[in-house]
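In what follows, every chain begins at residue 1, and chains take the letters A, B, ... in the order their sequences are listed. Basis for what follows: all heavy atoms, side chains included, without hydrogens, waters or symmetry-related copies.
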2 protein chains.
Amino acid sequence: MTVTIMDVAERANVSKATVSRVLNDQGGYSEKTKRHVLKAIEELEYNPNAVARSLTNKKTHTIGIVLPDLISSLTTNFLNEIEAVAHKAGSSIIVCHTESKGAKTMKYLKLLHEKRVDGIILASTILQKEYYDYIEKTKIPIVLLSTDSEYPVSSVTADDYAAAYMATKYLIQQGHKKVGMISGNKEEWVAGNHLPRVEGFKTALLDHKLSANEDHVVYGRFSCEDGATGLTKLIGQVPGLTAIFTENDEIGMGVLSAAYQLGIKVPEDISVIGMDNVKFCEFLNPPLTSVSLSHSEMAEKAANLIFEMIESNKAVKKNYIVSHRVVERQSVNSL
Amino acid sequence: MTVTIMDVAERANVSKATVSRVLNDQGGYSEKTKRHVLKAIEELEYNPNAVARSLTNKKTHTIGIVLPDLISSLTTNFLNEIEAVAHKAGSSIIVCHTESKGAKTMKYLKLLHEKRVDGIILASTILQKEYYDYIEKTKIPIVLLSTDSEYPVSSVTADDYAAAYMATKYLIQQGHKKVGMISGNKEEWVAGNHLPRVEGFKTALLDHKLSANEDHVVYGRFSCEDGATGLTKLIGQVPGLTAIFTENDEIGMGVLSAAYQLGIKVPEDISVIGMDNVKFCEFLNPPLTSVSLSHSEMAEKAANLIFEMIESNKAVKKNYIVSHRVVERQSVNSL
DNA sequence: TTTATTAACGTAACCGGTTACGTAAAAGTC
DNA sequence: GACTTTTACGTAACCGGTTACGTTAATAAA
């Protein structure tokens, strides 16, 4: 049916070994036979079978990405960047979407191992002991993207604590004294990096001699809707509230939207700063000030790292922390 | 190194054929040997090699998705939905990002064939003759997602013409007489469905005895920035403009943002209707009225269709058109 | 001219599974 | 008890490549 290396060999009157050699530029054949082989390939429209090749080579030129439900622009950021790097490295990516369910993650890891991917990027997912053990056993190179871990594995992360601290400090420097935070789900196992964010927020407040207790933070999940409900809740909990730090831009967007509906003016009545500096920040009304975590950069680093690990098959382990900065727009007032 | 079916066979004192049989529940072995085999698998932590399996089975349980640069929420919509369906069908997805470059598309098609994917979903990409010929030759099942084609291939699309017509008619019915459109790039080969959108727009105008010439349409690319520049341009080109139809929500978002910056009130001064009904519409200020194209539904249908085609390996060809409707929010005023 | 070296291949084993076919033992039939 | 059928396997070929090794012919060296 489909044409194989054997067909090419026969038509070119050589052995399949020779065909394989010219295919891989390995030398060991004359110019003339090379031409013959190439001609046969051309005529038969031969397309090598990567599956067969992978079997002997023990390399699939495929890496797996597993990620939970994320803000769409984050997912896209990650995926785009990783895919671009992978493509340059001559590899493809299999994406696995875990829907925030732990069980599915383990299933996916097994699946990816079955498919013999060359490496795995695990994004925004806490590395459970179970996962770690499995990865250790299978020896698949792995890098964590946007999560740290207690286990010795490569990772590319942002310093969430410091970033949150910076966001909060920025608000304080603009003169705000009553500031609240809207966070993701307390129990949420995804991302797993909101606790540092809450800590950074509180510490910044405390460091500047401002009060900071649990009333100052409101928990939701990770979406726009939470911004809306969070806003009213927060206003109730902290009297005289003038500024809000939202754990991510999507929540920030929700706050902006809710404020608009409630007739609360941003930034005149209340200032908002988000986090992630996602693309749409610029186009919100008002444009959302946000602390940039350069997700693209993270993803790119993670992708490069995984290929580095794959190539030098020594067990290199590296941990990168990308920088952050606040990008000022118009959602924060100075008092 | 890694444990193979042979290792299992030896430990269980059977042939690898038998191991394979119990692995695939094929019968032809006693309960006792089954237990032995299972025990050996357990003890050795055997994990079958999908690559080897694919080689004989001629099935990789992998499908390829190729898509160009899209609005991130669209991409995510597509990917999520397709991945979910694929996962249920026991398959994985390889995503290929063409960055709106035609050359890359062909490369990806070849790559996917090399990797012997079971099927391909080609999203928002015009099916060039070259692609079609290649697909025909390789006999890979393919379905087009969000693009039609002159060639006989399966597809799941929206009726862009009708949807644009509906959007425009909606504006007219709200009393608008001077309405303009901001479209994507005229020459853009991606999406390929903006021409019908422009046509739908113009026809709706004409059908209601309103003027519609090329001045009423402004072309950009597909992003927020185009909304911003498009707005000022359009205001210049059509005097007395009261409403704008944007080819997609991202442009719509850009218009909203630009209007805010320019002090133009939406919808009081100018009404805006978008297209796609992407998630963030609800959270814009004001919330953006948009005609819903149910992309999730499209993606799901496309995914189901591709697996249907893969299973019944007859060359089934089906063409679905999903419905559309305008979802009213607050960006359109009635005069 | 004879011998050593190298170039240009072919042969066959291997990667890790699946499966058609053959066979011995167990079970069923008369 | 002899014969047929069924069960429970093992053997070996196969999927489509890669590669170690062996062989022959051409070329270089002596």
Side-chain angles (χ1 to χ4, degrees), chain A residues 1-38 40-41 44-62 90 110-111 113-118 138, chain B residues 1-38 40-41 44-62 90 110-118 138-139:
Chain A
M1 197 68 28
T2 57
V3 14
T4 75
I5 200 174
M6 205 43 205
D7 301 324
V8 175
E10 278 168 14
R11 179 176 257 258
N13 277 318
V14 295
S15 72
K16 53 185 206 161
T18 299
V19 177
S20 174
R21 281 189 273 257
V22 337
L23 235 42
N24 299 303
D25 264 332
Q26 287 184 306
Y29 45 81
S30 70
E31 268 305 310
K32 196 171 63 170
T33 58
K34 176 176 176 183
R35 274 201 310 277
H36 287 163
V37 169
L38 258 25
I41 288 177
L44 296 174
E45 295 181 319
Y46 168 70
N47 179 279
N49 183 327
V51 177
R53 191 175 272 170
S54 294
L55 186 56
T56 32
N57 285 346
K58 288 157 175 334
K59 263 213 153 199
T60 52
H61 294 282
T62 306
K110 286 195 174 139
L111 179 78
H113 177 222
E114 247 186 71
K115 297 221 167 167
R116 297 297 190 265
V117 295
D118 300 333
T138 56
Chain B
M1 194 69 26
T2 57
V3 12
T4 76
I5 199 173
M6 204 45 205
D7 300 325
V8 176
E10 277 168 14
R11 179 175 256 258
N13 276 317
V14 295
S15 73
K16 54 185 206 161
T18 299
V19 177
S20 174
R21 280 189 273 257
V22 337
L23 235 43
N24 299 301
D25 265 331
Q26 287 185 307
Y29 45 81
S30 69
E31 269 305 310
K32 195 170 66 171
T33 56
K34 177 177 175 180
R35 274 201 309 278
H36 286 162
V37 170
L38 257 25
I41 289 177
L44 296 173
E45 294 180 322
Y46 168 69
N47 180 280
N49 183 326
V51 177
R53 192 176 270 170
S54 295
L55 186 56
T56 33
N57 285 346
K58 287 158 177 333
K59 265 215 152 198
T60 51
H61 293 281
T62 306
K110 286 195 173 139
L111 179 77
L112 290 174
H113 177 223
E114 245 187 72
K115 297 221 167 167
R116 297 297 189 265
V117 295
D118 300 333
T138 55
K139 304 213 184 303

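In this model, the phosphate group of D:dT18 is approached by a side-chain N or O of A:Arg53 to a distance below 4.0 Å at OP1 or OP2. Checking the phosphate oxygens (OP1, OP2) of C:dT18, a side-chain nitrogen or oxygen of B:Ser20 falls inside 4.0 Å. Distances shorter than 4.0 Å separate none of the side-chain N or O atoms of A:Ser54 from OP1 or OP2 on D:dG17. Side-chain nitrogen and oxygen atoms of A:Asn57 include none within less than 4.0 Å of the OP1 or OP2 phosphate oxygen of C:dC15. Listed pair B:Thr4 / C:dG16 fails the phosphate criterion, with no side-chain N or O lying under 4.0 Å from OP1 or OP2. Between D:dG10 and B:Thr18, a contact under 4.0 Å exists linking OP1 or OP2 to a side-chain N or O. Taking 4.0 angstrom as the limit, B:Lys58 places none of its side-chain polar atoms (N or O) nearer than this to OP1 or OP2 of C:dT18. Contact between the side-chain N/O atoms of B:Thr56 and the OP1/OP2 oxygens of C:dG16 is not found at any separation under 4.0 Å.
Rounded to whole angstrom, the span from the CE atom of A:Met6 across to the P atom of D:dG17 amounts to 11 Å. To the nearest angstrom, C1' of D:dC15 lies 13 Å from CG of B:Asn49. The interatomic distance linking A:Leu44 (CG) with D:dG17 (P) rounds to 12 Å, in whole Å. Atom C1' of nucleotide C:dG17 and atom CZ of B:Arg21 are separated by 13 Å, given to the nearest angstrom. Taking atom NZ of A:Lys32 as the reference point, atom C1' of C:dA7 lies 14 Å away to the nearest angstrom. Between A:Asp7 atom CG and D:dG17 atom P there is a gap of 9 Å when expressed in whole angstrom units. Per the geometry, CG belonging to B:Leu55 stands 17 Å off P belonging to C:dC14, to the nearest Å. When the P atom of C:dT19 is taken as reference, atom CG of B:Leu23 falls 12 Å away, rounded to whole Å.
Projected onto DNA chain D by closest heavy-atom contact, B:Arg116 and B:Gly28 fall at different nucleotides, the more 5' of which corresponds to B:Gly28.
In this structure, the side chains of B:Leu38 and B:Val22 come closer than 4.5 Å at one or more pairs of heavy atoms. Annotation: side chain of B:Ser54 is not in contact with side chain of B:Arg116 (no heavy-atom distance under 4.5 Å).
Picking from D:dG17, D:dC9, C:dT11 the nucleotide with the shortest atom distance to the side chain of A:Ser15 gives C:dT11. Checking C:dA8, D:dG16, C:dG10 against the side-chain heavy atoms of A:Thr2 singles out D:dG16 as nearest. If you check C:dT18, C:dA12, D:dC9 against the side chain of B:Ile5, the one that comes closest is C:dT18.
Looking at A:Lys16, its side chain comes within 3.5 Å of the base of D:dG17 through a donor and an acceptor atom.
Looking at A:Asn57, its side chain never comes within 3.5 Å of a backbone N or O of A:Lys59 through a donor-acceptor pair. In terms of modelled atom types and a separation under 3.5 Å, the side chain of B:Lys115 and the main chain of A:His61 share a donor-acceptor contact. Although no hydrogens or angles enter the test, the distance criterion places no donor-acceptor pair under 3.5 Å between the side chain of A:Asn24 and the main chain of A:Gln26.
Using a 4.0 Å heavy-atom criterion, one finds that A:Val51 contacts no nucleic acid atom at all.
Between the CG atom of A:Leu23 and the CD1 atom of A:Ile5 there is a distance of 5.5 Å, given to the nearest 0.5 Å.
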